[in-house]
Novice: 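For reference, the structure I am asking about is given below.
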Amino acid sequence: MNNFKDFFANYGGIVIGIAVAILLMLTRLYVVIVGIIVIVACAFAGNYIQKNKEEVKEKLKNFIDKM
């Protein structure tokens, strides 16, 4: 019993993480989570581009010139 307590004290987070990952994979919820992450990332990128339009144009121009 003491060994189990020590194991769970040391690796409890890993066990819970694996259980949540298996649950997400079985219910295919990870597809929804990845979709939400992509939407949020694109929203932040769009906001950055809108607020720093001139700087982004200059960086893009320099990048294209290097190619």
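It should be emphasised that the depicted structure is a prediction, and the values quoted were computed from it without experimental measurement.
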Novice: Within this structure, what is the OG1-CD1 distance for the pair Thr27 and Ile22, rounded to the nearest 0.5 Å?
Specialist: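 So the gap between those two atoms works out to 12.0 Å.
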Novice: Atom CG in Asn52, atom CG in Asn47: separation rounded to 0.5 Å?
Specialist: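 It is 9.0 Å, given to the nearest 0.5 Å.
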Novice: Test side-chain contact (heavy atoms from CB on, under 4.5 Å) on Ile49 and Lys53; report intermediate values, then the result.
Specialist: CA-CA 5 Å; Ile49 291 171; Lys53 196 177 296 184; 5.7 Å; no
Novice: According to a 4.5 Å side-chain heavy-atom criterion applied to Ile, Leu, Val, Met, Phe, Trp and Tyr, with indirect links allowed, do Met25 and Ile14 form part of one hydrophobic cluster?
Specialist: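 No, it is not one cluster - the side chains of Met25 and Ile14 are not joined through contacts under 4.5 Å.
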Novice: Give a yes or no on whether Val32 and Val40 share a hydrophobic cluster (residues Ile, Leu, Val, Met, Phe, Trp, Tyr; joining criterion: side-chain heavy atoms under 4.5 Å apart).
Specialist: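 Shared cluster, yes.
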Novice: Out of curiosity, does Phe44 fall in the hydrophobic cluster containing Ile39 (side-chain heavy atoms, cut-off under 4.5 Å, transitive links)?
Specialist: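 They do not share one cluster, since no chain of ILVMFWY contacts under 4.5 Å joins Ile39 to Phe44.
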Novice: If you round to the nearest 0.5 Å, how far is CD of Glu54 from NZ of Lys57?
Specialist: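 Rounded to the nearest 0.5 Å, the NZ-CD separation comes out at 5.0 Å.
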Novice: Examine Ile18 and Tyr30 and state if one hydrophobic cluster contains both, with Ile, Leu, Val, Met, Phe, Trp and Tyr joined whenever side-chain heavy atoms are less than 4.5 Å apart.
Specialist: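 Each belongs to a different hydrophobic cluster.
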Novice: Ignoring hydrogens, what is the shortest heavy-atom contact between Tyr48 and Val56? Give both atom names and the distance.
Specialist: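 Shortest heavy-atom separation between Tyr48 and Val56 comes out as CE2-CG2, 3.9 Å.
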Novice: Give the ring-plane orientation class for Tyr11 versus Phe7, where under 30° counts as parallel, over 60° as perpendicular and anything between as tilted.
Specialist: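 It falls in the tilted class, 30° to 60°.
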Novice: Tell me, do Lys59 and Phe63 make a side-chain contact under 4.5 Å, heavy atoms counted?
Specialist: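 Lys59 vs Phe63: side chains apart.
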